[in-house]
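Below is one structure; the comments refer to it alone.
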Amino acid sequence: MPEADVSKKEKNFHTDVPQKNELFFLKGSNNYDWGMKNRLARIFSPASGRTVMLAFDHGYFQGPTTGLERVDLSILPLAPYADALMLTRGILRSIIPPSTPRAVVMRASGGPSILKELSNEQIAVDMEDAVRMNVSAVAVQVFIGGEHETQSVHNLTRLVDAGMRVGIPVLGVTAVGKDMVRDAKYIRLAVRICAELGAAFVKTYYVEQDFDSVTSSCPVPIVIAGGKKLPELDALTMAYNALSAGASGVDMGRNIFQSDAPVAMLQAVRNVVHEGMKPREAFELYSKFKNSVKK
Ligand code: 5RP
């Protein structure tokens, strides 16, 4: 039995203070339910509105990618510096300690390997299992213009429906096929389709020309993929330019874990994303961290 309220102190209802009714900080996300917003706020920092996601899901179609031969050795030391980990459920259960405070964005589509037609993906994780793993979002590849375009869009919409039932947001990942031109016109089309069909945020590639038209015509946040390994200064410049053109963060893989000093690189990227540090300054920071690790 709870004790009766016997306090002699006068009650204060603060009748002159209206209760705050704040808008949710993330673009296009205000009308979601509490659980969905809470999950998005684990991925995107409410302070900066941005995210640094560390992508190491590459094995789902290309096996032990360079730098990911031993995820336990290469990725676990990086995890403390990322806001979210983008991975497969196999790696989550076999390698990632359940005590991690990091948000998990789980790859939920797959099927073909690099030896086959990559767009022929299906849903690869049941939403019930995503709930069991307490993920903050699921990710699905969408192949606009690809051979199995409709099937991949259907994977997205089925995951959005399943995610809405339990409050799990879906990340639409736009894949650019080998024969497609990677320009703003194509990326605008692909990310807008993902957003229109219910993706809560979209991952795409940065293009130098008109990337601001991609972000402004997409009603939900965009995070950029790192793509192939670049020299560190170029990767930091790409991140900076993408953010300046309206991106809400990065979801970088090879440019982090294939760097000569992955922890230093991730810290430099964090500074660009969350503090707005200029690329040259971030590169100096990278070099400093890299040298201090060597000593
Ligand atoms: C494929 C993917 C990835 O497997 C991965 O997340 C890409 O990251 P990066 O390009 O930075 O290595 O999304 O499209």
Side-chain angles (χ1 to χ4, degrees), residues 43 51-69 71 74-75 78-79 81-92 102-114 116-121 124-125 135-146 148-149 152 155-156 159 170-178 180 182 186-187 190-191 194 199 201-207 222-232 234-239 241-243 247 249-259 262 265-266 268-270 272-273:
I43 300 166
T51 185
V52 175
M53 293 172 55
L54 176 63
F56 50 101
D57 59 326
H58 307 58
Y60 92 96
F61 71 105
Q62 57 181 34
T65 307
T66 309
L68 296 178
E69 300 87 341
V71 173
S74 59
I75 296 297
L78 297 173
Y81 305 98
D83 297 311
L85 308 176
M86 181 169 174
L87 42 51
T88 58
R89 71 171 150 187
I91 291 293
L92 181 83
R102 303 278 84 86
V104 167
V105 177
M106 177 155 294
R107 163 68 53 190
S109 66
S113 74
I114 34 169
K116 297 277 183 179
E117 167 51 42
L118 286 178
S119 68
N120 194 11
E121 286 195 350
V125 173
V135 306
S136 294
V138 291
V140 53
Q141 209 80 1
V142 176
F143 297 85
I144 299 302
H148 299 274
E149 174 186 83
S152 71
N155 293 340
L156 167 81
L159 280 170
V170 173
L171 167 62
V173 182
T174 65
V176 186
K178 282 193 289 287
M180 288 170 200
R182 196 188 286 195
Y186 172 79
I187 307 257
V191 302
C194 291
F201 58 124
V202 183
K203 170 173 173 171
T204 195
Y205 290 97
Y206 173 70
V207 285
I222 289 184
V223 292
I224 60 147
K228 286 195 184 117
K229 172 78 178 68
L230 301 167
E232 278 74 8
D234 294 357
L236 293 165
T237 305
M238 177 176 71
N241 290 343
L243 293 156
V250 301
D251 185 13
M252 266 189 183
R254 288 163 287 177
N255 276 292
I256 307 283
F257 61 71
Q258 290 179 353
S259 164
M265 183 58 181
L266 188 47
V269 170
R270 274 200 85 74
V272 171
V273 172

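If you're wondering where the values come from, they're calculated on a predicted model, not measured in any experiment. Order of appearance sets the numbers: ligands from 1, and atoms from 1 within every ligand. What you see below is based on every heavy atom in this structure, not just the backbone, and it leaves out hydrogens, waters and symmetry mates.
Side-chain contact annotation: Glu121 with Ser109, donor-acceptor N/O pair under 3.5 Å present. No hydrogens or angles considered: nothing links the side chains of Ser113 and Gln62 as a donor-acceptor pair under 3.5 Å.
Heavy atoms of Asn255 come nearer than 4.0 angstrom to ligand 1 in no pair at all. By the 4.0 Å heavy-atom criterion, Gln62 is excluded from the residues contacting ligand 1. In this structure, Lys228 does not count as a contact residue of ligand 1, since none of its heavy atoms falls inside 4.0 Å of the ligand. Contact analysis leaves Ala175 out of contact with ligand 1, as no non-hydrogen atom separation drops below 4.0 angstrom.
Polar contact with ligand 1: absent for Tyr60 (N/O pair, distance under 3.5 Å). Considering backbone and side-chain N/O atoms, Gly253 comes within less than 3.5 Å of an N/O atom of ligand 1. Checking only distances, Gly226 does come within under 3.5 Å of ligand 1, N or O to N or O.
Between the Asp251 side chain and the Val223 main chain, no donor and acceptor come within less than 3.5 Å of each other. Judged by distance alone, with hydrogens and angles left aside, the side-chain atoms of Ser119 form no donor-acceptor pair with the main-chain N or O of Glu117 at under 3.5 Å. Judged by distance alone, the side chain of Ser74 and the main-chain N or O of Gly67 form a donor-acceptor pair under 3.5 Å.
Contact of the Ile43 side chain with the Asp83 side chain is not registered, since no non-hydrogen atoms from C-beta on lie closer than 4.5 Å. Contact of the Thr51 side chain with the Val273 side chain is not registered, since no non-hydrogen atoms from C-beta on lie closer than 4.5 Å.
Phe257 contributes atom CZ, which lies 6.0 Å from atom CD1 of Ile75 (distance to the nearest 0.5 angstrom). Note: Leu171 CG to Cys194 SG = 8.5 Å, rounded to the nearest 0.5 Å.
Atom numbering of ligand 1 starts at 1 in the shown order; those under 4.0 Å from a heavy atom of Asp251 are 11 (O). In summary, the atoms of ligand 1 found under 4.0 Å from a heavy atom of Gly227, numbered by their order in the structure, are 9 (P), 10 (O), 11 (O), 12 (O). The contact set between ligand 1 and Asp57, taken as ligand atoms under 4.0 Å from a residue heavy atom, comprises 3 (C), 4 (O), 5 (C), 6 (O). Those atoms of ligand 1 that come under 4.0 Å of a heavy atom in Met252, given as number and element, are 11 (O). The distance from ligand 1 to the heavy atoms of Val173 drops below 4.0 Å at these ligand atoms: 13 (O).
Looking at atom 8 (O) of ligand 1, its nearest protein heavy atom turns out to be His58 NE2, 3.4 Å. The protein atom (non-hydrogen) at minimum distance from atom 1 (C) of ligand 1 is Gln141 NE2, 3.5 Å. Among protein heavy atoms, atom 13 (O) of ligand 1 sits closest to Lys203 NZ, 3.3 Å. From the protein, the heavy atom lying nearest to atom 2 (C) of ligand 1 is Arg107 NH2, 3.7 Å.
For the side-chain contact (heavy atoms from CB on, under 4.5 Å) criterion with Phe56, the lone passing option out of Thr65, Leu78, Leu87, Thr88 is Leu87.
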